[in-house]
Number of protein chains: 2
Amino acid sequence: MSLAHALLTSLLEQPSSGYELARRFDKSIGHFWQATHQQIYRELGRMEKAGWIRSDADPDAGRTRKRSYGVLPAGRDELMRWAAEAAPLPELRDEFMVRLRADAVVGPLGLLPELERRRALHADKLRAYRAIEARDFPADAEATRQRRIHHLILKAGIQYEQGWVAWCDEAMRELGRA
Amino acid sequence: MSLAHALLTSLLEQPSSGYELARRFDKSIGHFWQATHQQIYRELGRMEKAGWIRSDADPDAGRTRKRSYGVLPAGRDELMRWAAEAAPLPELRDEFMVRLRADAVVGPLGLLPELERRRALHADKLRAYRAIEARDFPADAEATRQRRIHHLILKAGIQYEQGWVAWCDEAMRELGRA
DNA sequence: CGCGACCATGCAACGCGTTGCATAGTGGGC
DNA sequence: GCCCACTATGCAACGCGTTGCATGGTCGCG
């Protein structure tokens, strides 16, 4: 049930509506935990029932259906309880490796273009992460605990994409000389 | 529907029973595509209905319930058709990053031990992959196309675990001096 | 004034993956 | 001779994540 806890975290950072959460997930948290607006609305409903969050009609009442959510003490407690739990490592799970293995067993399937496509996608993400890093974590900035942690998370993404770009390069060399 | 195609690949490499597939998934293919025996039996049933594979009672008939599966031409065609498709990049999806972010917003939650645990788990996997590499891909071995591809897949795992070990080290330094 | 883009929430249904349990035969160890 | 571990397959149920669709309001543009 990480989604609930990701939402609690996001709501603690900034109380918001389901819609705003959905958009924020597309940016910061979405880099390592994705969710659609459907999941988010459904989960917010459950969390409210559980007494972890409460909602109130937005200030611009009447005009829109917008509702804003805030974390209740019980929600904060739950988040702290959960954060201390041990969790299994996320498993590597990649269709493309299945394709490669299929290529190995049924003969050349022309995977080079797909490999190039993947390389480009990873390189795009890497560039985007680096841009965020340059903007949000300049060398001379004051490093609070919070900022250092956020930077650490970003570096995980950078490391991840960088690794894949490097692997794609190697794989292209290997597949190329087939 | 990658599971079906992973099974087709595995069955082309070596016709087998559901049980054997389940065990093989724990080793080779399972490194990048996991499946429980439940999923496998269910999927084999569907694939047989679809005419991609056929089963026959095992030679030691009568004694056990064992059934062996083999890929039919339609299954082979389907695998080749699928392998050429474009696929979205697998997304990074990691609970621990949510925990870190929670730590940043509700104060120190004592994540260092968990970080050490993760580092050890990644290092274990890395060591296991390196052992497989030393055993199956010695420098002097003949490099067929198939072997080069299998090595490439293994290197993806090595690269992946290596990256996480390095990141854990950095994260431990950062969290340590808090 | 109408239309398209965006804000904002939600229902219904499906599928993959997970969990718990059931069944039954076989082979080895104490 | 009994118990345990392993081989081998399967049912039932649940939950998360996905997809397609529906609804209705606001705001800017031509």
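Chain naming here is simple, since letters A, B, ... match the order of the sequence lines and numbering starts at 1 in each.
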Please report the distance, rounded to the nearest Å, between [atom1] in [X] and [atom2] in [N].
X: B:Glu95; N: D:dG17; atom1: CD; atom2: P; result: 10 Å
X: A:Leu7; N: D:dC16; atom1: CG; atom2: C1'; result: 13 Å
X: B:His5; N: C:dC16; atom1: NE2; atom2: C1'; result: 15 Å
X: B:Lys66; N: C:dT26; atom1: NZ; atom2: C1'; result: 13 Å
X: A:Glu91; N: C:dT18; atom1: CD; atom2: C1'; result: 14 Å
X: A:Glu20; N: C:dC6; atom1: CD; atom2: P; result: 17 Å
X: B:Asp26; N: D:dT7; atom1: CG; atom2: P; result: 11 Å

| message | If the condition is side-chain contact (heavy atoms from CB on, under 4.5 Å), which residues does A:Gln159 pass it with, not counting sequence neighbours? | response |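 Testing A:Gln159 for side-chain contact (heavy atoms from CB on, under 4.5 Å), a comparison that skips the adjacent residues, returns B:Trp164, B:Trp167.
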| field | Results of side-chain contact (heavy atoms from CB on, under 4.5 Å) for B:Ala84 - residues two or more places apart only | value |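 For B:Ala84, no residue satisfies side-chain contact (heavy atoms from CB on, under 4.5 Å) once neighbours in sequence are set aside.
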| task | Kindly state whether the ring of B:His31 and the ring of B:Tyr129 have centres lying under 6.0 angstrom apart. | result |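 Yes, close enough.
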| message | Under 4.0 Å, heavy atom to any atom of DNA chain D: which of residues 30-50 of chain B qualify? | response |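 Correct list: B:His37, B:Gln38, B:Tyr41, B:Arg42.
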If only side-chain N and O atoms of [X] are considered, is one of them under 4.0 Å from the OP1 or OP2 phosphate oxygen of [N]?
X: A:Ser17; N: C:dC7; answer: no
X: A:Arg67; N: C:dG10; answer: yes
X: B:Tyr19; N: D:dT9; answer: no

| note | Under a side-chain separation threshold of 4.5 Å, the hydrophobic residues clustered together with B:Tyr19 are B:Tyr41
| query | Any salt bridge between B:Arg67 and B:Asp56, counting N to O under 4.0 Å? | reply | no
| request: Quick one: which residue pairs count as a salt bridge (charged side-chain N to carboxylate O under 4.0 Å, His left out) with a foot in residues 105-115 of chain B, not counting sequence neighbours? | output: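 For residues 105-115 of chain B: B:Glu114-B:Arg117.
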| query | Quick one: on DNA chain D, does B:Arg23 or B:Tyr69 contact a more 5' nucleotide (nearest heavy atom)? | reply | B:Arg23
Review item, side-chain donor-acceptor pairs of residues 46-53 of chain B, under 3.5 Å, at least two apart:
residue : atom : partner : partner atom : Å
B:Arg46 : NH1  : B:Glu43 : OE1          : 3.1
B:Glu48 : OE2  : B:Ser55 : N            : 3.3
B:Glu48 : OE2  : B:Ser55 : OG           : 2.8

